[in-house]
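Worksheet for the structure shown next.
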There are 2 protein chains.
Amino acid sequence: MPTRRSTATMKDVALRARVSLATVSRAFAVPGSVSEALTQRIIAAARELNYTINVNARSLRSQSSGLIVVLIPDIGNPFFSVLLQGIEEQARAQGLAILIGDTHGDSELAATYARLLDTRRADGMILLNGTVPNRAHDGARLKPQRYPVVAISERIPGADIAMVGINNRAASCEAVGHLAALGHRRIAHIMGPADNILTHERAQGYRDSILAHGCDMWPEAVQPGAFSIHAGRAAMAKLLDSAAPPTAVFAASDEIAIGAIIEAKARGLLVPDDLSVMGFDDIAYAESYDPALSTINQPRREMGRRAMVMLGALIADPDQRQADVILDHRLVVRASTAPPRVASRKLTSRT
Amino acid sequence: MPTRRSTATMKDVALRARVSLATVSRAFAVPGSVSEALTQRIIAAARELNYTINVNARSLRSQSSGLIVVLIPDIGNPFFSVLLQGIEEQARAQGLAILIGDTHGDSELAATYARLLDTRRADGMILLNGTVPNRAHDGARLKPQRYPVVAISERIPGADIAMVGINNRAASCEAVGHLAALGHRRIAHIMGPADNILTHERAQGYRDSILAHGCDMWPEAVQPGAFSIHAGRAAMAKLLDSAAPPTAVFAASDEIAIGAIIEAKARGLLVPDDLSVMGFDDIAYAESYDPALSTINQPRREMGRRAMVMLGALIADPDQRQADVILDHRLVVRASTAPPRVASRKLTSRT
DNA sequence: ACAACTCATGTAAAGGTTTACAGCGTCGAT
DNA sequence: ATCGACGCTGTAAACCTTTACATGAGTTGT
């Protein structure tokens with residue numbers, strides 16, 4: 001039970017400024033509606049009383065909270081931080097604050113956060129990739145109410161939710177194309193988690209490119225994984241253990257790529273001399289890693305900003321349909337990719 | 001203007017369950033106060049009507065929002081993400097949600113977020129190191145009201161705000177001690193930003209240790225910096241340009257350490273053979289870097305959790321004083337530190 | 001001079017909860 | 001049978017705004 005802080009209310013301000021309560025409210029909320037003289041008097045009175053509006057009362061009456069929820073699978077993942085900054089900047093510009101819900105990939109938890117919309121604590125929601133609060137029973141619940149929701153980087157199947165993202169398939173195709181252009185013929189792919197849609201879009205882009213360039217195809221070329229350093233390392237180990245290891249790897253995320261490089265180094269391989277590695281995302285550490293990662297840059301800040309703009313529009317008019325926004329990605333070539341060694345074929349023995 | 005969603009209210013539930021409004025409220029809020037039979041009837045009615053409580057109304061009446069603000073200088077900094085997770089987990093356990101304010105180190109912005117307390121939008125606030133919304137005029141404002149506030153890892157000068165953290169001075173002393181124990185005599189220090197208190201505590205620990213071990217002291221040994229890779233790299237460049245470069249560096253953060261290593265590598269130096277580098281914080285990437293970073297581990301998740309616990313107590317009773325919590329740090333020795341090269345003595349001449 | 005308007009302000013009714021207080025029925029003790 | 005206590009439920013006030021509607025003063029046009 002918090003101690004009741006005795007704070008000035010609008011009524012107090014009205015009394016002091018010798019106007020009605022309604023006038024005070026209007027002076028603050030509706031710009032041109034109160035005469036200059038009164039507005040000054042009211043502002044003065046408010047300042048003297050150290051008045052601050054009670055947001056809860058306002059929300060109750062106006063049926064909107066000025067808050068939006070952002071659902072993230074994992075705050076710790078550096079991919080999301082810049083995205084968040086974009087969202088947050090834009091939200092602030094629109095006078096909204098953001099409420100972050102870390103779902104830890106748990107759809108139960110996601111549903112809990114989604115409930116903030118039901119309870120009118122939040123006006124809208126942004127879904128970051130992988131977090132789908134409506135997998136289970138909530139799919140049915142989300143749609144009929146037509147809550148303002150936009151997804152970043154993931155198309156939610158079934159629920160027609162507006163989204164902003166990049167063309168993952170094309171980007172992956174380009175990434176693998178870069179490796180092929182360097183002369184690689186034996187290019188493997190380490191995937192993200194199987195239940196993530198991005199994983200499949202990127203894998204598809206990989207396949208497109210392998211086909212288009214007539215590169216090697218072999219059963220173990222595509223390894224399952226997850227968006228983590230650990231998974232990347234494990235998958236790389238499998239690839240290197242195989243009879244005919246690849247000369248290049250396209251990882252579905254930078255973290256996977258880092259894991260792959262760690263494993264390669266652990267075995268005495270030189271990157272990029274013995275093995276080229278491509279990442280995806282261009283997280284902050286990609287540039288600082290040794291070797292600096294070649295990767296696909298996603299315009300994350302812009303993605304966040306655009307999503308927030310769309311959400312704002314949706315909040316203003318929940319019935320309007322928003323078109324998807326596909327932003328441009330960018331191939332970033334750094335030091336982790338190079339032409340294959342001509343002599344590299346000699347490694348191919350054993351088992 | 002959002003379309004008014006016609007939602008069931010308590011009144012509707014009361015009608016349907018044939019009880020009074022008050023009884024419904026009590027059934028939900030005050031555990032043992034309503035008879036079993038009625039409670040069941042009420043719950044059934046609520047379910048049938050798809051009732052969800054209106055949080056704004058509750059907040060208005062009960063003068064508390066169930067929200068807490070967390071002020072962060074930079075969401076993108078990986079040091080904070082785990083901290084956040086700790087806070088968030090504990091907050092959820094206490095039925096609270098967190099509102100994240102990224103201040104970008106801007107105290108103006110921090111003040112904006114701090115205002116959420118004034119407007120009753122938030123019940124309490126957690127300050128993450130470096131963010132001091134009361135540097136300027138707000139110091140005076142924060143104290144008299146006695147808002148529930150706790151700081152993580154930084155003692156706010158002047159304002160008596162409870163805090164949880166580690167002993168930075170002792171930890172730094174230990175870090176440098178590790179380098180000295182390896183045989184280093186010429187140990188430099190790259191500091192964080194000058195306006196951050198942690199910077200000075202860590203620098204002090206460095207000095208303590210240098211003195212205690214009788215290591216070299218020279219004017220350029222301590223370089224100003226900032227908590228970033230870039231700053232680390234620049235400072236390292238200065239150190240290496242000097243006539244008698246150090247054989248080891250203690251960086252005030254892991255990011256600085258990474259920057260330092262990048263610069264050393266760029267000059268063809270081997271880490272740790274030619275130069276040992278110690279970091280501080282043990283961020284996620286410290287372990288994956290090449291070489292893996294020796295550093296000081298801060299129990300970040302636990303710090304977040306403890307801070308939230310304290311805040312909870314403070315919200316329950318704003319007048320009680322909370323004792324500071326100092327948690328244990330841990331020296332983590334990995335691959336970026338090693339004994340100095342014996343031949344390195346030959347560098348020590350000149351001037 | 002009067003109708004028709006505009007414009008600034010005031011009045012009062014929501015908005016959905018929580019909670020102090022009152023009422024009422026039951027039970028045990030006298 | 002009476003009293004007090006206790007446990008459950010209902011009544012109504014309070015929390016602080018926003019906003020539809022009413023009011024009245026001033027302006028314009030005839």
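When reading the values below, keep in mind they use all heavy atoms of this one structure, side chains included, and skip hydrogens, waters and symmetry mates. Throughout, protein chains are lettered first and strands after them, A, B, ... in sequence-line order, and every chain is numbered starting at 1.
- Atom CG in A:L60 sits roughly 17 Å away from atom P in C:dA13 (whole-Å rounding).
- The side chain of B:S25 places an N or O atom within less than 4.0 Å of a non-bridging phosphate oxygen (OP1 or OP2) of C:dT18.
- Using a 4.0 Å cut-off, no side-chain N or O of B:T9 falls inside it from OP1 or OP2 of C:dG16.
- Taking every heavy atom of both residues into account, A:P73 and A:D102 meet most closely at O-OD1, 3.1 Å.
- Closest to the A:I53 side chain, of the nucleotides D:dT18, C:dT11, D:dC16, is D:dT18.
- Phosphate contact (OP1/OP2 of D:dT17, side-chain N/O of A:S62, threshold under 4.0 Å): absent.
- Distances were taken from every side-chain heavy atom of B:S35 (C-beta onward) to each of D:dT9, C:dG10, D:dT17; the shortest belongs to D:dT9.
- The side chain of B:R61 contributes no N or O atom lying less than 4.0 Å from OP1 or OP2 of D:dA14.
- One interatomic measurement links the two molecules: CD of A:E36 to P of C:dC7, which rounds to 17 Å at whole-angstrom precision.
- For A:R58, the listed nucleotide lying nearest its side chain is D:dT18; candidates were D:dA12, D:dT18, C:dG16.
- In this structure, CZ of B:R120 is placed 15 Å from C1' of D:dA14, rounded to the nearest angstrom.
- The CZ atom of B:R18 sits 16 Å away from the C1' atom of D:dG10 (whole-angstrom rounding).
- For the pair A:Y51 and D:dC16, the criterion of a side-chain N or O lying under 4.0 Å from OP1 or OP2 is not met.
- Between B:G32 and B:L21, the residue anchored closer to the 5' end of DNA chain D is B:G32, taking for each the nucleotide with the nearest heavy atom.
- Taken to the nearest 0.5 Å, the CG atom of A:D123 stands 8.5 Å off from the CG atom of A:L311.
- Both A:V34 and B:R26 sit near DNA chain C, but only A:V34 has its closest nucleotide nearer the 5' end.
- A 4.5 Å side-chain heavy-atom check between A:Y113 and A:M125 finds every atom pair outside the cut-off.
- Atom-to-atom, CG of B:L15 to P of D:dG10 comes out at 12 Å; the value is rounded to the nearest Å.
- Note on B:T23: every side-chain N or O is 4.0 Å or more away from OP1 and OP2 of D:dT9.
- Note that NE2 of A:H104 and CD of B:E89 are 5.0 Å apart. Values are rounded to the nearest 0.5 Å.
- Checking C:dG10, D:dT11, C:dT17 against every side-chain atom of B:M10, the shortest atom distance belongs to C:dT17.
- Atom CD of A:Q63 is separated from atom C1' of C:dT17 by 13 Å (rounded to the nearest Å).
- The distance from atom CG of A:N54 to atom C1' of C:dT17 is 13 Å, rounded to the nearest whole Å.
- Counting only N and O atoms by type, the side chains of B:Q322 and B:Q320 include a donor and acceptor under 3.5 Å apart.
- Comparing B:L38 and B:A57 along DNA chain D, the residue whose closest nucleotide (by nearest heavy atom) sits nearer the 5' end is B:L38.
- What separates CZ of B:R41 from C1' of D:dT9 is a distance of 11 Å, to the nearest Å.
- The shortest side-chain heavy-atom distance between A:R120 and B:V55 does not fall under the 4.5 Å cut-off.
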